[in-house]
Colleague: 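One structure, pasted below without further comment.
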Protein chains: 2
Amino acid sequence: MNSIPIQELSKQTGITVRTLRYYDQIGLLIPASKTPGKHRIYSDVELRKLQQIQFLKKLGFSLQEISDMISSREWNWSTSLMNQLDFVHKEQRKLSQMESALRAVLHSIVVEGETSWAVIQKLIQLSGQDPSLKQSFRNQMFDEREVEMLSLLPNMNSADPDSLEWIALLGQLKRLMENSPDSPDVQRIVRRMDEKRLEHFEEEDSFVDKLWEIRKSPDQSEQMGLYPIEQELLEFMELAFHIYVTRKEEQQTERGETS
Amino acid sequence: MNSIPIQELSKQTGITVRTLRYYDQIGLLIPASKTPGKHRIYSDVELRKLQQIQFLKKLGFSLQEISDMISSREWNWSTSLMNQLDFVHKEQRKLSQMESALRAVLHSIVVEGETSWAVIQKLIQLSGQDPSLKQSFRNQMFDEREVEMLSLLPNMNSADPDSLEWIALLGQLKRLMENSPDSPDVQRIVRRMDEKRLEHFEEEDSFVDKLWEIRKSPDQSEQMGLYPIEQELLEFMELAFHIYVTRKEEQQTERGETS
DNA sequence: ATATAAGATGACGCAGTGTCACTTTCAAGC
DNA sequence: GCTTGAAAGTGACACTGCGTCATCTTATAT
């Protein structure tokens with residue numbers, strides 16, 4: 001039997017001395033013996049046991065659970081492993097929700113341009129409402145095919161590049177609101193928005209129109225669970241869009257295009 | 001100014017009375033006033049503030065952080081949001097590792113048939129080794145194309161149905177070791193294994209052979225980071241396989257097949 | 001014998017409540 | 001105005017898993 005002083009054990013396992021003493025205190029890992037001066041002495045039996053403890057900790061079990069597992073001779077491993085797996089899944093869901101909420105705030109700040117409590121307030125409104133109401137409103141306004149298309153819409157709390165560009169474009173547009181809606185800067189943004197619209201919703205004009213109507217009504221937007229965009233920005237956007245579309249048609253006419 | 005007693009506030013927000021008192025104590029949410037008898041009285045200002053606190057808690061911030069955010073007039077939101085997002089990602093990684101380790105134990109128990117500390121010991125060996133060594137050993141034994149194929153191998157800690165069936169088959173085989181390797185039960189399992197091999201590694205005989213050689217050497221298996229399968233089971237499997245292949249060839253010969 | 005490293009013990013702190021135990025206040029009915 | 005029961009108050013301990021002092025003792029090498 002080789003005797004291992006506490007610091008040795010600490011080095012070999014990476015567990016701090018403090019923790020080893022704590023494990024002794026709660027009876028999880030008791031040293032093989034002690035010197036007359038009460039210094040702890042471990043053996044390789046304890047070394048192995050400590051490694052087991054480390055491993056079980058990596059699985060996320062609490063020291064209490066580990067203690068039970070180690071002491072009990074016949075332990076129902078499958079059950080506790082499955083429970084633990086279940087627990088991990090729940091935690092993962094929580095984290096996903098946190099992630100998505102965090103993104104929503106970050107992106108809202110991009111759109112709003114300024115950081116303020118107003119952003120938080122808006123999101124509190126959104127997150128506070130009953131999701132089933134949202135669902136029924138969506139089903140009421142759109143047919144089945146259109147409801148599916150709704151899931152393709154850019155979203156405040158998603159991280160895909162497509163949504164990100166929409167958010168960025170909105171943010172830029174907002175900062176340009178002091179300019180004229182037919183200024184080149186504004187028109188370039190609107191052109192890009194139109195391109196993106198065509199990419200995803202070409203031939204779906206009626207859907208896009210319906211969506212735009214909802215967007216323009218703050219109440220309806222809220223019921224849909226859409227991030228509230230301020231009225232002025234929407235009006236500015238509509239104006240700029242109108243100008244853009246008109247010019248586009250003129251150019252096509254000049255070039256003698258028929259379609 | 002409407003005055004809200006503590007229980008009212010509790011009901012409206014879902015925060016317990018105890019927690020509200022604690023928030024008062026740490027100065028996070030101080031009631032608007034108190035009755036002469038020291039009962040707390042809140043107003044809708046505090047109601048809104050409490051909702052903000054709830055929201056920020058959903059983002060995973062600590063009460064201290066929330067306190068800072070609320071009290072400071074000019075807070076750098078973006079930075080703390082990004083930090084928090086970062087933190088969430090780290091937690092997610094931890095959970096993924098836990099999940100995969102948990103699956104490894106669960107699956108190992110299936111293969112071993114019995115639940116025992118030996119399983120844990122094996123996995124401790126595996127998880128304890130330096131992953132870079134594993135990497136270099138793999139690169140040393142296999143060429144580039146083959147290394148890619150390695151990632152298609154069934155794995156103890158994955159949850160895909162393919163891996164699951166391999167695990168299940170191994171577990172069944174182990175329980176049948178007392179039978180003769182040419183018993184129908186055993187042969188059916190070996191046939192299924194062979195089918196699965198063909199599904200994924202048809203035309204890759206040399207790769208499969210090389211892998212099998214490694215499997216048969218406990219040392220090499222360990223260096224590869226493969227779950228240790230006991231020698232007897234491997235030999236039993238090889239024997240059964242040999243019988244299976246021989247019979248298959250005989251049948252083909254009988255049927256007068258040439259290839 | 002002495003210096004010094006290593007060890008021991010004990011206590012506080014952290015985060016966010018739950019839970020007891022005991023006292024006081026409020027509001028309402030009489 | 002008095003009684004009563006509900007609601008509110010305060011204070012303290014518990015939980016998890018250690019980190020981090022501070023203070024005292026032991027082991028070890030010279």
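Each chain gets a letter, A, B and so on, in the order the sequences are listed, and its residues count up from 1.
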Colleague: Tell me, please, the opening and closing nucleotides of DNA chain D, 5' to 3', among those with an atom under 4.0 angstrom from a non-hydrogen atom of chain A.
Modeller: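 The footprint of chain A covers D:dG17 to D:dA27.
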Colleague: Should A:Leu29 and A:Ile70 count as side-chain neighbours, where that means a heavy-atom distance under 4.5 Å?
Modeller: no
Colleague: Closer than 3.5 angstrom, by distance alone: can the side chain of B:Ser43 be matched with the main-chain N or O of B:Ser3 as a donor-acceptor pair?
Modeller: no
Colleague: Pick the closest DNA chain D nucleotide for B:Gly37 and for A:Arg18 by heavy atoms, then say which residue is nearer the 5' end.
Modeller: B:Gly37
Colleague: Mind checking whether B:Trp77 and A:Trp117 have ring centres under 6.0 Å apart?
Modeller: yes
Colleague: Record whether the side chain of A:Arg21 comes under 3.5 Å of the base of C:dT9 through a donor-acceptor pair of N or O atoms.
Modeller: no
Colleague: Return the value, rounded to whole Å, for the distance between atom NZ of A:Lys38 and atom P of C:dG10.
Modeller: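 The distance from NZ of A:Lys38 to P of C:dG10 comes to 8 Å, rounded to the nearest Å.
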Colleague: Using a cut-off of 4.0 Å on non-hydrogen atoms, how would the nucleic acid contact of A:Ile26 be classed: base, sugar-phosphate, or nothing?
Modeller: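 The answer is nothing, as A:Ile26 stays clear of every strand by at least 4.0 Å.
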Colleague: Would you indicate whether the side-chain heavy atoms of B:Gln64 and B:Ser62 approach each other to under 4.5 Å?
Modeller: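 Sidechains of B:Gln64 and B:Ser62: in contact.
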Colleague: Considering only side-chain heavy atoms of A:Arg40, which listed nucleotide, C:dT9, C:dG7, C:dT19, is closest?
Modeller: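 The answer is C:dT9.
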Colleague: So, for A:Leu63 and A:Ile26, which heavy atoms are closest and what is the spacing to 0.1 Å?
Modeller: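 Where A:Leu63 meets A:Ile26 most closely, the heavy atoms are CD1-CD1, 4.0 Å.
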Colleague: Within less than 4.0 Å of OP1 or OP2 of C:dA6, is there a side-chain N or O belonging to A:Lys11?
Modeller: no
Colleague: Is B:Tyr23 close enough to C:dG16 that one of its side-chain N or O atoms is under 4.0 Å from OP1 or OP2 there?
Modeller: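 So the side-chain polar atoms of B:Tyr23 never come under 4.0 Å of the phosphate oxygens OP1 or OP2 of C:dG16.
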Colleague: Atom CD of A:Gln25 to atom P of C:dT9: distance rounded to whole Å?
Modeller: 9 Å
Colleague: Side-chain donor-acceptor contacts of residues 224-231 of chain A below 3.5 Å, not counting sequence neighbours, with atom names and distances?
Modeller:
from: A:Tyr227; atom 1: OH; to: A:Glu112; atom 2: OE2; distance (Å): 2.9
from: A:Glu230; atom 1: OE2; to: A:Lys174; atom 2: NZ; distance (Å): 2.6
from: A:Gln231; atom 1: NE2; to: A:Lys216; atom 2: O; distance (Å): 2.9

Colleague: Starting at atom CD of B:Gln64, determine the distance to atom C1' of C:dA15, rounded to an integer number of angstrom.
Modeller: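 Computing the B:Gln64:CD to C:dA15:C1' distance gives 11 Å.
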